[in-house]
Amino acid sequence: LSKPHLLQISYSLYKVCLDKLKTMRAFIATTIIGVFGIDESKKILFYKSFPKDPERIAEKLKLSEIEFIDEERFVRSQLNKNGYAEVKKDDSGINEFIKSNLRKLALEKRFVRDQSEFNQLLTKVNIQLTKVQIKRAIGRDKIAVNANGAIEEFDKSINIFAERLREFYSMHFPEMDKAVEGNEKFAKLVEKFGRRENIDEPELKAMASKSMGADFKDEDINISQSFATEINRLYKLRQDMSSYLEKLLKEIVPNFTELATPMLAARLLTKAGGLERLSKMASSTIQLLGAEKALFRFLQSKGKSSSPRFGILYNHPLIQNAPEKHKGKIARVLAAKLSIAAKMDYYSKKYKADKLKEELQQKVKEILSSK
């Protein structure tokens, strides 16, 4: 054969080999004893063992569900070096093969001495996996949900106590009940001054001099002041909890909080049952969170009554400040952006609230300018 023919044949063989290498596929299977690299014929090519520690094995198995762990990266690199350009993870056929042969492999690789040790290892790893799942299930969004629940309970309790204080103190200074609307201000006045004659606010002082209320004894005044003091402490604790919750929300759901406002973000997160469930909700579901009873009535009426347009979202400033005819459209646009924001906070963790907010405001402007 001439030299050109030899070169042509060599080139053809090279291309065949190269094409063959490109089509060679391998798989990665992660087990409690380590990571296996396997070809399509189910031949084990590489193996990287795990440390023989049930707790660390459990952590690696859970981490492997969301990203490549060190052992998997090592096996993948070895497969790539040996011509396997395509390496897949979590193939059902391969995983089933490894699962059915795992006891045998554990003995062959000398990861365990016998079947009894393998059973003990399996039990311990499963216990650790359960612990890891429980630990991860208690995310910081659950803390935010509980903090919001505490604030709602504070509001109920404070309102009950404040009304009782008004009734009690009004026997001594009834005119003050109508003159002071805010419960917090009312409690602060009672705590600070006690007797009506001691109040130095001009309007209330004039009323006190002509009050038709009963004269309280010292013990009556003291107990009313103590009661007011405890109410004011609850107000302070509620404020501290609100500040904490706002900071927490900006940490775990920054995009969602920026669009919804902290108060609404907390209520929507609570109503949804956590960030994961919120991120998987359709925008129409987010729009109607808090309007479940109205929606049920609408469905029961088979379309005879009007369908709800929004639930908790009604309290958002953009909806509150909009004309009645535009509230529904704005609620839909807002819910759509909140749905995107929730997904960003749960999946990507990237902060893009500024862009989302700008797009939202533009959409709202278009709605308000339409006839």
Side-chain angles (χ1 to χ4, degrees), residues 141 144-145 148-149 151-152 154-156 159 181-184 238 242 245-246 249-250 252-348 350-371:
D141 59 323
V145 167
N148 182 66
I151 290 171
E152 290 178 351
F154 273 132
D155 289 338
K156 292 176 186 176
N159 285 335
E181 292 185 3
N183 287 336
E184 188 173 3
R238 187 208 181 279
S242 295
L245 178 58
E246 184 173 344
L249 288 168
K250 288 179 179 179
I252 59 177
V253 283
N255 292 293
F256 194 80
T257 301
E258 185 63 31
L259 264 65
T261 72
M263 182 188 75
L264 276 182
R267 292 182 65 190
L268 289 166
L269 193 65
T270 301
K271 198 70 180 175
L275 178 56
E276 181 178 2
R277 292 183 64 182
L278 183 66
S279 68
K280 294 176 181 178
M281 284 182 175
S283 60
S284 57
T285 305
I286 294 175
Q287 183 179 340
L288 295 178
L289 278 175
E292 291 79 11
K293 290 182 179 178
L295 181 60
F296 180 74
R297 286 195 299 269
F298 168 72
L299 294 174
Q300 286 290 95
S301 70
K302 296 181 180 179
K304 292 180 181 178
S305 64
S306 58
S307 63
R309 294 179 294 169
F310 30 63
I312 297 170
L313 280 188
Y314 178 75
N315 297 296
H316 194 280
L318 289 176
I319 297 175
Q320 284 283 301
N321 298 328
E324 187 63 33
K325 65 178 181 178
H326 293 312
K327 288 183 186 290
K329 288 182 179 179
I330 292 175
R332 282 196 297 275
V333 171
L334 175 60
K337 292 299 180 185
L338 287 174
S339 177
I340 295 171
K343 287 174 174 58
M344 283 182 174
D345 288 330
Y346 183 71
Y347 294 105
S348 72
K350 292 180 180 178
Y351 184 79
K352 293 186 177 180
D354 294 337
K355 184 181 178 182
L356 289 173
K357 201 169 185 178
E358 185 180 336
E359 292 172 354
L360 174 61
Q361 289 170 343
Q362 183 59 38
K363 286 281 186 182
V364 171
K365 188 183 290 186
E366 291 173 8
I367 292 170
L368 294 176
S369 63
S370 64
K371 294 183 180 179

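We number each residue from 1, following the sequence as shown. Quick caveat, the model's predicted, so the values are computed rather than measured.
- In terms of modelled atom types and a separation under 3.5 Å, the side chain of His316 and the main chain of Thr261 share no donor-acceptor contact.
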Worksheet item: side-chain contact (heavy atoms from CB on, under 4.5 Å) between Glu359 and Leu356: does it pass, once the steps are laid out?
Response: CA-CA 5 Å; Glu359 292 172 354; Leu356 289 173; 4.1 Å; yes
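- The distance from atom CD1 of Ile330 to atom CG of Leu313, rounded to the nearest 0.5 Å, is 11.5 Å.
- Taken from CE in Met263 to CG in Asn315, the straight-line distance is 5.0 Å, to the nearest 0.5 Å.
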Please list, one pair per line, the donor and acceptor atoms closer than 3.5 Å that link side chains of residues 264-282 to other protein atoms, with sequence neighbours excluded.
unit_1: Thr270; atom_1: OG1; unit_2: Asn148; atom_2: ND2; d: 3.0
unit_1: Thr270; atom_1: OG1; unit_2: Ala266; atom_2: O; d: 2.8
unit_1: Glu276; atom_1: OE2; unit_2: Lys280; atom_2: NZ; d: 3.0
unit_1: Arg277; atom_1: NE; unit_2: Ala272; atom_2: O; d: 3.4
unit_1: Ser279; atom_1: OG; unit_2: Leu275; atom_2: O; d: 3.4
unit_1: Ser279; atom_1: OG; unit_2: Glu276; atom_2: O; d: 2.7

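- Annotation for Phe154: atom CZ counts as buried by contact number, over 12 foreign heavy atoms lying within 6.0 Å.
- When all heavy atoms of Met344 and Asn255 are compared, the closest pair comes out as CB-ND2, 3.9 Å.
- Annotation: side-chain contact (heavy atoms from CB on, under 4.5 Å) contacts of Arg309 (sequence neighbours excluded): Glu324, Lys327.
- With sequence neighbours excluded, the residues satisfying side-chain contact (heavy atoms from CB on, under 4.5 Å) with Pro254 are Asp345, Tyr351.
- Remark: Ser339 pairs with Lys343 by the side chain to side chain donor-acceptor pair (under 3.5 Å) rule, at least two apart or across chains.
- Of all non-hydrogen atoms in Ala335 and Gln287, the two that sit nearest each other are CB-CB, 3.6 Å.
- Between atom CD of residue Gln361 and atom NZ of residue Lys337 there is a gap of 11.5 Å, rounded to the nearest 0.5 Å.
- By the 4.5 Å heavy-atom criterion applied to side chains, Leu334 and Leu360 are counted as neighbours.
- Side-chain atoms of Leu259 and Ile340, non-hydrogen and from C-beta on, never get closer than 4.5 Å to each other.
- Nearest heavy atoms, Pro323 versus Leu368: CD-CD2, 3.6 Å.
- Taking the side-chain contact (heavy atoms from CB on, under 4.5 Å) definition, one finds that Asn321 meets it with Pro317, sequence neighbours left out.
- Residue Gln320 qualifies as enclosed at atom CD: its count of foreign heavy atoms under 6.0 Å is above 12.
- Taking Glu366 as the reference, Gln362, Lys363 meet the side-chain contact (heavy atoms from CB on, under 4.5 Å) condition, with sequence neighbours excluded.
- Side chains of Ile151 and Ser242 form a contact here, defined as non-hydrogen atoms less than 4.5 Å apart.
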